[in-house]
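Here is the structure we will look at.
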Amino acid sequence: MFRRNWRIKRMSKNDRLDYLNEYGRWLSAGGMEPELKAELEAIQGDTREIEERFYTELEFGTAGLRGILGAGTNRMNERVVKRATLGLADYILTFEGAAMRGVAIAYDSRRKSREFALETALTLCAKGVKAFIYDSLRPVPMLSYMLRRLNCIAGVVITASHNPPRYNGYKVYWQDGGQAGPEQAEAIYSYIKKEDYFSGPTMPLDEAEARGLLTWLSEKDDEDYYNDTLSVLQRPKLVKEQGGALKLVYTPLHGSGNLPVRRILKMAGITNVSVVKEQELPNGDFPTVAAPNPEDPNAFTLAKTLANSVQADAIIATDPDSDRLGLAIREKSGGFRVLSGNKIGSLLLYYILSAMRERGAIPKDGFVAKSIVSTTLADAICAHFGVKVKNVPTGFRFISELIERSRTEPGEGTFIFGFEESYGFLAGGFARDKDAVCAAMLAAEACVYYRSLGKTLSDALDEIEAMCGCYDEAAKSYTLSGKEGMERISGAMAALRRDTPRAFADMPVTRFEDMRTGEAIEYSQKGETELKCETVGMNAVRFLLKGGAWICVRPSGTEPKLKLYIGANAGTQAEVHSMLDNLLSDADTKLIKLLG
């Protein structure tokens, strides 16, 4: 049973800030950062811009804070970061001994990331809470790993993941290494609301260091992470012996993965790695891409050019905080195919389970975890190897919770691998969030293995297809802004629950699941049977169709969007794509009508 995928909603009309008075308070506040002061002065008289920046506060929930950089309560800036940290510190201080356990802090290559990280550290120190901060940028998974290694009570990562350059964010992690859960997010927010943007204690850096409240983390602290990550290799000897023959291209997309990914590959034995020079160094402007997102095939443009020039076997890409991995493989035609997150997850899963079975290492109680909107090809692969699949709501913290329970509670099974369709993958469970560093190593290892057989990753996908059939997925988002948009999204979800469609593209619905309540209905010739969902606590509905296809609809947890996911399987790719086109067309027509 999973808990509600909860987040703090925007203020109601009655709770909206008095934006003009709040703007005036910020404008006259002493000690304001010069950059923010200049912004505030520049918008004097612009009521519309003032309202946008001050009518509300950034949402705080299980994903922490995320917003556009700039001055205002509805923006990411030093004042917002300090206030959030004051609330986090007060929450931490309610736990006995937590202040001395401290908080681990990391940051990526985005604008103001280092400044926000240092603001976070010094604010914690001023409240008497120890801070362990990296001396240079690090990926999310390394922070998740480090806070567990240091036995910290919490962690903070300054990042906005793969959002455009004008965004940054503040992600809170808890002691198990996963993002703070719903109850913790709610509790932390209750403390944040008590704080003011211009009050609270401060502490100079030299004092924090002298008093032993601030500790800098450096490369020497990363050794355990690398060693544990290397232990996930399935065929380490083969990689050491033949890894140098693999030709790999890597792009960190100006982010934090550059050094860690290259280091883990070199330690594993994969030494022939060409890095996209234009995207190698950290740069918060991300000048070579529209968005630093490995989900976008356009992010591979420069990497493909380099890969063709060096005759590379594959391309890997990581986003700014290096929790998401993108992969492009060379096909028989000679060109490169950028894989979906579902295809990458299936490929890594198949490789891991094949290698484990070869040496008789699949645990009898082993399980694979995936989000409910991820491909059912994973279910087919796991069925072939006799491994259980556990489906969870969207959000990697639910996979993190499964891993924690498997380590602490008898009978919960042995974690093998977890993934989301949104390009998040994890093996080993040493970190408790998506780990593109580990995933890059495993993808490269799979390349080495198939190369040793005279094959490619494209051949591996053909093997999976021959074993399980052809699977593919499609997705679409509907963005509706403002209060009216949110009401239309809510109305569409209510309509799907009230007047449940019984077919899509003439394919009968065999089962309807309301994952918010956990109730399900199975349709058959004998009538309707009431059942329970495996996945509960997610504002989503899912339709299972005759033949194995499925449709899932849910509102976004972080944006004013309604999301549609479709999966299908058939004997040939042509049949799958035809089925997907028909299902997408029908589902799209239905949703547009419901959205008005």
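Bear in mind that the values here come from a model prediction, so they are computed numbers and not experimental data.
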Side chain of [X], backbone of [Y]: donor and acceptor closer than 3.5 Å?
| X | Y | result |
| --- | --- | --- |
| Ser144 | Arg432 | yes |
| Arg397 | Gly181 | no |
| Arg324 | Ser422 | yes |
| Ser256 | Pro320 | yes |
| Asn77 | Gly72 | yes |
| Ser231 | Asp228 | yes |
| Gln175 | Asn151 | no |
| Thr123 | Thr120 | no |
| Thr159 | Ser161 | yes |
| Ser406 | Glu412 | no |

With the side chain counted from C-beta on, respond yes when [X] and [Y] share a heavy-atom pair under 4.5 Å apart, and no when they do not.
| X | Y | answer |
| --- | --- | --- |
| Phe430 | Cys438 | no |
| Arg53 | Glu39 | yes |
| Asp176 | Ser400 | yes |
| Gln179 | Trp174 | no |
| Tyr226 | Pro260 | yes |
| Asp222 | Met142 | yes |
| Met76 | Leu69 | yes |
| Val81 | Glu115 | no |

I need the [X] [atom1] to [Y] [atom2] distance, nearest 0.5 Å.
| X | Y | atom1 | atom2 | result |
| --- | --- | --- | --- | --- |
| Asn163 | Arg110 | CG | CZ | 6.0 Å |
| Leu426 | Leu442 | CG | CG | 9.5 Å |
| Leu214 | Met203 | CG | CE | 10.0 Å |
| Ile372 | Thr535 | CD1 | OG1 | 4.0 Å |
| His254 | Ser109 | NE2 | OG | 8.5 Å |
| Ile316 | Met441 | CD1 | CE | 11.0 Å |

Salt bridge (Lys or Arg N to Asp or Glu O under 4.0 Å) against [X], all qualifying residues, sequence neighbours excluded:
| X | value |
| --- | --- |
| Arg149 | Asp224 |
| Glu35 | Lys112 |
| Asp296 | none |
| Glu119 | Arg79 |

Residues in side-chain contact (heavy atoms from CB on, under 4.5 Å) with [X], at least two apart?
| X | value |
| --- | --- |
| Arg114 | Tyr107, Trp216 |
| Ala303 | Val249, Thr251, Val276, Ile315 |
| Leu27 | Tyr23, Leu40, Glu41, Gln44 |
| Ala439 | Leu325, Leu348, Phe425 |

Check your understanding: Can Val140 and Lys434 be said to form a side-chain contact (heavy atoms from CB on, under 4.5 Å), step by step?
Key -> CA-CA 8 Å; Val140 156; Lys434 302 178 290 288; over 6 Å; no

Check your understanding: What pairs meet the ring pair (Phe, Tyr, Trp, His ring centres under 6.0 Å) rule with one or both residues in residues 132-172, with sequence neighbours excluded?
Key ->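 Found Tyr145-Tyr225.
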
Exercise for review: Quick one: list whatever passes side chain to side chain donor-acceptor pair (under 3.5 Å) with Lys370, sequence neighbours left out.
Suggested key: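 In terms of side chain to side chain donor-acceptor pair (under 3.5 Å), with neighbours along the sequence ignored, Lys370 is linked to Asp379, Asn391.
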
Do you know which two heavy atoms are closest between [X] and [Y], and how far apart they sit?
| X | Y | result |
| --- | --- | --- |
| Tyr91 | Gln184 | OH-CG, 3.5 Å |
| Ala440 | Val261 | CB-CG1, 4.0 Å |
| Val289 | Ala299 | CG1-CA, 4.1 Å |

Please determine if [X] and [Y] form a salt bridge, counting it only when a charged side-chain N lies under 4.0 Å from a carboxylate O.
| X | Y | value |
| --- | --- | --- |
| Asp221 | Arg138 | no |
| Arg83 | Glu57 | yes |
| Arg25 | Glu22 | yes |

Practice item. Verify whether one side chain among Thr73 and Tyr19 offers a donor that lies under 3.5 Å from an acceptor in the other. Key: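 Tyr19 and Thr73 do not have a side-chain donor-acceptor pair below 3.5 Å.
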
Review point. Looking just at side-chain N and O atoms, do Asp319 and Tyr423 make a donor-acceptor pair shorter than 3.5 Å?
Key: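 The criterion, which ignores hydrogens and geometry beyond distance, is not satisfied for Tyr423 and Asp319.
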
Review point. In this structure, are over 12 heavy atoms from other groups packed under 6.0 Å from Glu219 atom CD?
Key: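 Counting other residues, nucleotides and ligands, CD of Glu219 stays at 12 neighbours or fewer.
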
Check your understanding: Within a reach of under 6.0 Å around CZ of Arg111, are more than 12 heavy atoms found that belong to other residues, nucleotides or ligands?
Key ->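 Counting other residues, nucleotides and ligands, CZ of Arg111 exceeds 12 neighbours.
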
Check your understanding: Going through the checks in order, is the side-chain contact (heavy atoms from CB on, under 4.5 Å) test met by Ile133 and Leu217?
Key -> CA-CA 6 Å; Ile133 181 172; Leu217 301 174; over 6 Å; no

Practice item. Indicate the ring-plane relationship of Tyr189 and Phe60, choosing parallel, tilted or perpendicular according to the 30° and 60° boundaries. Key: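 Parallel, since the angle between the ring planes stays under 30°.
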
Exercise for review: Start with the C-alpha gap between Ser113 and Asp108, add the side-chain angles, then the distance that decides, and say whether side chain to side chain donor-acceptor pair (under 3.5 Å) holds.
Suggested key: CA-CA 6 Å; Ser113 281; Asp108 68 4; 2.9 Å; yes

**Study point:** Residues in ring pair (Phe, Tyr, Trp, His ring centres under 6.0 Å) contact with Tyr191, at least two apart in sequence or another chain
**Key:**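 Partners of Tyr191 by the ring pair (Phe, Tyr, Trp, His ring centres under 6.0 Å) criterion come out as none, since no residue qualifies.
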
**Study point:** Trace of the side-chain contact (heavy atoms from CB on, under 4.5 Å) decision for Leu36 with Arg75
**Key:** CA-CA 11 Å; Leu36 299 183; Arg75 293 289 188 269; over 6 Å; no

Practice item. Could you check Lys194 against Asp90 for side-chain contact (heavy atoms from CB on, under 4.5 Å), going step by step and ending with a plain yes or no? Key: CA-CA 10 Å; Lys194 299 174 186 178; Asp90 285 341; over 6 Å; no

**Study point:** Within residues 257-267 or reaching into it, pairs that qualify as salt bridge (charged side-chain N to carboxylate O under 4.0 Å, His left out) - sequence neighbours excluded
**Key:**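 Every pair satisfying salt bridge (charged side-chain N to carboxylate O under 4.0 Å, His left out) with a residue in residues 257-267: Glu223-Arg263, Arg262-Glu280.
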
